[in-house]
Protein chains: 2
Amino acid sequence: MSTLANAPYHHGNLRQALLEAALIILDREGEAGLGLRDLARAVGVSAAAPYRHFDSRAALLEALAVTGFQRFAATMEAVAATNPVDPMSAMGKTYVFFALENANLFRLMFSPQLKKEGRPGLKMAADAAFETLRHIVGGDIRAGRIKALAAWAKVHGLAILLLDGQIAVRAGEDTEALIAEIIGSL
Amino acid sequence: MSTLANAPYHHGNLRQALLEAALIILDREGEAGLGLRDLARAVGVSAAAPYRHFDSRAALLEALAVTGFQRFAATMEAVAATNPVDPMSAMGKTYVFFALENANLFRLMFSPQLKKEGRPGLKMAADAAFETLRHIVGGDIRAGRIKALAAWAKVHGLAILLLDGQIAVRAGEDTEALIAEIIGSL
DNA sequence: ACCCCAGTGTTAACGGTGCTCACATATATT
DNA sequence: AATATATGTGAGCACCGTTAACACTGGGGT
């Protein structure tokens with residue numbers, strides 16, 4: 001009888017539960033605050049249990065980053081589906097907002113700790129996300145690869161500088177408007 | 001006489017030696033590979049000795065990042081002193097090259113682990129570096145704050161994307177030329 | 001209906017880490 | 001010279017990721 005009472009021996013689908021709990025902890029505490037023991041306890045399982053589903057902590061982080069890239073691509077596609085008047089700047093704003101709203105996840109996605117070499121799953125997820133991105137803005141990119149890379153760099157850099165608080169948003173200044181202005185300035 | 005013979009009890013100036021050794025290890029192994037025990041052994045001192053000079057590992061990392069910002073500012077000033085024909089793009093290239101040539105140090109300088117809140121020394125060093133940067137390109141920046149931020153974002157983003165290998169440099173392509181092109185494309 | 005076995009969870013422990021404390025030693029001060 | 005302060009040592013703490021040996025459990029083959 002594992003139906004009622006407390007804590008069946010087998011969790012059901014632990015892997016998913018771990019990922020969900022990990023995303024919450026990551027969001028709140030950042031990558032450094034995501035320990036396997038805490039995570040396991042949060043899901044109500046022993047410290048060694050996660051190793052049945054992830055080879056290592058790094059593998060768990062990689063899985064999180066992969067879902068991050070998937071969410072990222074989905075967000076971008078959702079915006080593109082609204083057929084905005086200015087697709088490029090709409091995508092840019094979405095890019096930056098995604099970073100700000102999912103700060104720790106975004107950081108993890110581009111964390112140097114998860115070096116793409118030897119982590120092919122992550123590289124594939126990232127490439128897939130950027131491939132859809134490239135496809136979405138494809139029409140506006142015939143200007144050439146250089147322009148596309150420059151736009152990407154600007155948007156990505158803006159996201160990171162905002163994330164790190166390097167770009168000071170002045171008192172009473174609207175962050176959203178500032179972002180729009182910077183993106184608009186080609 | 002601690003002159004000759006081996007290993008005087010007091011190191012002389014350990015703090016400096018630690019920083020120098022740490023910079024080397026950081027460059028080779030990255031932040032994750034910089035352990036206090038290894039570092040202490042590399043300098044020929046016990047594992048607890050570094051704590052006489054740094055409150056914690058994070059404080060040591062902060063000190064490294066601070067010197068990183070100082071070197072960064074110095075590099076920028078050195079280039080500016082050559083009175084390049086196109087100061088903005090010269091600074092941009094230097095920015096990106098600094099990141100590529102000091103990859104792990106650059107990553108540390110902008111590491112989310114060293115959140116500037118509660119780490120005022122680092123924030124001051126970063127602000128100082130960017131202040132000199134702003135001063136150097138001041139003449140070209142009257143175009144307005146937005147344009148300046150956009151340029152910064154582009155250069156910073158380019159540095160990071162290259163660092164993470166996200167921007168694929170095609171076979172036989174000259175990285176330096178690619179950087180120059182992207183920076184040039186305003 | 002049974003068995004058993006692959007999958008999943010547990011407990012205990014290992015090595016390594018950052019860090020602290022009590023103590024030893026060298027340098028500076030008076 | 002005597003003492004105070006700074007600096008280094010060694011042992012050990014708590015915690016972490018990780019592994020190994022064992023326990024439970026549900027499902028598939030006979």
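Here the structure is a predicted model, which means the values were calculated and not measured. Here is how names work: the chains are called A, B, and so on, in the same order as the sequence lines, proteins then strands, and each is numbered from 1. When reading the values below, keep in mind they use all heavy atoms of this one structure, side chains included, and skip hydrogens, waters and symmetry mates.
Distance CG/B:Leu122 to CG/B:Leu64: 11.0 Å, rounded to 0.5 Å. In this structure, CZ on B:Arg57 lies 7.0 Å from CD on B:Gln113, to the nearest 0.5 angstrom.
Closest approach of A:Ala99 to A:Ala159, counting heavy atoms only: CB-CB, 3.7 Å. Closest approach of B:Ala168 and B:Glu173 over heavy atoms only: O-OE1, 4.4 Å.
For B:Ala58 and B:Arg52, each mapped to the nucleotide of DNA chain C holding its nearest heavy atom, the one lying further toward the 5' end belongs to B:Ala58.
Contact check for B:Ile160 versus A:His156: side-chain heavy atoms found under the 4.5 Å cut-off. For the pair B:Leu19 and B:Leu60, the minimum side-chain heavy-atom distance is below 4.5 Å.
Rotation axes derived from the C1' atoms of the five outermost pairs at either end of the helix from C:dA1-D:dT30 to C:dT30-D:dA1 lie 0° apart, to the nearest 10°.
Residue side chain B:Arg37 reaches the base of C:dG18 through a donor-acceptor N/O pair under 3.5 Å, judged by distance alone.
Distance, A:Asp55 CG to D:dT18 P: 10 Å, rounded to whole Å. The CZ-P distance, from B:Arg41 to D:dT9, rounds to 13 Å in whole Å. Rounding to whole angstrom units, CG of residue A:Leu39 and P of D:dT18 are separated by 13 Å.
Here the nucleotide nearest the side chain of A:Ala48, chosen from D:dT18, D:dT19, C:dT20, is D:dT19.
Ring geometry for B:Phe130 against B:Phe110 counts as tilted: the plane angle lies between 30° and 60°, on a 0 to 90° scale.
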Which is it for B:Leu162 and B:Ile179 under the side chain to side chain contact (heavy atoms under 4.5 Å, CB included) test, yes or no, and what are the steps along the way? CA-CA 9 Å; B:Leu162 283 171; B:Ile179 294 173; 3.8 Å; yes
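Taking a 4.0 Å limit (strictly below) on heavy-atom distances, residues 21-34 of chain A does not reach DNA chain D anywhere.
For D:dG8, the OP1/OP2 oxygens have a side-chain nitrogen or oxygen of B:His53 closer than 4.0 Å.
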